[in-house]
Visitor: 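Can you keep this structure in mind? I'll have questions shortly.
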Amino acid sequence: MKSAVGVAAVLLAFSLSSVANASSLRIQCKKLTDDNVVCRFRFTDGQVARGMPVQLVDENSDKVLVNGRTDAQGMYAFKPPALEYNVVIEANKGHVASMSSEDIW
């Protein structure tokens with residue numbers, strides 16, 4: 001019985017440490033001009049999101065407007081569509097993040 005409790009305690013400790021080490025994906029976008037937006041994608045642990053798929057998705061219809069990939073610095077530049085859209089990135093380890101065009105300044 002004591003060994004079962006010990007094993008349970010060890011498993012609990014490992015699961016808590018993996019939650020503490022978990023990171024999330026962050027998006028920073030900046031409108032440089034009316035025809036140029038640049039977004040940077042990083043994990044909260046500082047790792048750059050290199051080569052990850054990025055989509056511009058119509059906010060109203062959920063239709064994919066543009067497909068692209070981040071570069072070696074975790075950046076993606078694009079000409080913004082005329083309608084409201086979301087920038088969506090699906091990175092490794094199941095991380096997904098998005099930002100509305102209304103939040104890009």
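Owing to the predicted nature of the structure, the values given are computational and were not obtained by experimental measurement.
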Visitor: Do D58 and L83 have side chains that get closer than 4.5 Å, going by heavy atoms?
Guide: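 Of all side-chain heavy-atom pairs linking L83 with D58, at least one is under 4.5 Å.
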Visitor: Looking only at atom types and distance, does a side-chain atom of T44 sit under 3.5 Å from a main-chain N or O of S24, one as donor and one as acceptor?
Guide: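 Flag set: sc T44 to bb S24 pair under 3.5 Å.
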Visitor: Any disulfide bond (SG atoms under 2.5 Å apart) pairs touching residues 63-105, not counting sequence neighbours?
Guide: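 Every candidate disulfide bond (SG atoms under 2.5 Å apart) pair involving residues 63-105 fails, so no pair, neighbours aside, qualifies.
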Visitor: Holding to ring-ring contact (aromatic ring centres under 6.0 Å, His included), I want the full list of residues that pass it with F41, two or more places apart in sequence or in another chain.
Guide: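 Listed in chain order: nothing, the list is empty.
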Visitor: Between L25 and A49, which heavy-atom pair has the shortest distance, and what is it?
Guide: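 Nearest heavy atoms, L25 then A49: CD1-CB, 4.1 Å.
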Visitor: Check whether V37 and V57 end up in the same hydrophobic cluster, where Ile, Leu, Val, Met, Phe, Trp and Tyr are linked by side-chain heavy atoms less than 4.5 Å apart.
Guide: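 They do not share one cluster, since no chain of ILVMFWY contacts under 4.5 Å joins V37 to V57.
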Visitor: Please tell me whether V64 and F78 are part of a single hydrophobic cluster in this structure, the criterion being side-chain heavy atoms less than 4.5 Å apart.
Guide: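 No, V64 does not connect to F78 through the hydrophobic network.
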Visitor: Going by disulfide bond (SG atoms under 2.5 Å apart), name the pairs with one or both residues in residues 23-105, residues two or more places apart or in two chains.
Guide: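 Sorted pair list: C29-C39.
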Visitor: If you compare all heavy atoms of V38 against all heavy atoms of M75, which two are closest, and at what distance to 0.1 Å?
Guide: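 Scanning both residues, the minimum pair turns out to be CG1-CE, 3.3 Å.
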Visitor: Taking all non-hydrogen atoms of both residues into account, name the closest pair between Q47 and D45 and its distance.
Guide: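 Closest approach of Q47 to D45, heavy atoms only: N-OD1, 3.0 Å.
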Visitor: Would you mind listing every side-chain hydrogen bond (donor to acceptor under 3.5 Å, both in side chains) that reaches into residues 64-91, with sequence neighbours excluded?
Guide: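 Non-adjacent pairs meeting side-chain hydrogen bond (donor to acceptor under 3.5 Å, both in side chains): Q55-N67.
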Visitor: Looking at every non-hydrogen atom in both residues, tell me the closest pair between V48 and A72 and how far apart they are.
Guide: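 It is CG1-O, 4.0 Å.
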Visitor: With a 3.5 Å distance limit and no angle check, can you tell me whether H95 reaches the backbone of S23 through a side-chain donor-acceptor pair?
Guide: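 Between the backbone of S23 and the side chain of H95 there is a qualifying donor-acceptor contact (under 3.5 Å).
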Visitor: Do L56 and V88 sit in the same hydrophobic cluster, where Ile, Leu, Val, Met, Phe, Trp and Tyr count as joined when their side-chain heavy atoms come under 4.5 Å apart?
Guide: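 In one cluster: no.
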Visitor: Test question: given the 4.5 Å side-chain rule for I, L, V, M, F, W and Y, name all other residues clustered with W105, or answer none.
Guide: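 Other cluster members: none.
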Visitor: Can you check whether V54 reaches V87 side chain to side chain, under 4.5 Å on heavy atoms?
Guide: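 In short, these two side chains touch, coming nearer than 4.5 Å.
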Visitor: Between I89 and I27, is there a side-chain heavy-atom distance shorter than 4.5 Å?
Guide: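 A side-chain contact exists here, since the closest heavy-atom pair is under 4.5 Å.
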Visitor: What closest approach, in Å, do K31 and I104 show between heavy atoms, and which atom pair accounts for it?
Guide: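 Heavy-atom minimum between the residues: N-CG2, 3.9 Å.
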Visitor: Of all residues at least two apart in sequence or in a different chain, which pass the side chain to side chain donor-acceptor pair (under 3.5 Å) check with E59?
Guide: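 Only S100 meet the side chain to side chain donor-acceptor pair (under 3.5 Å) criterion with E59.
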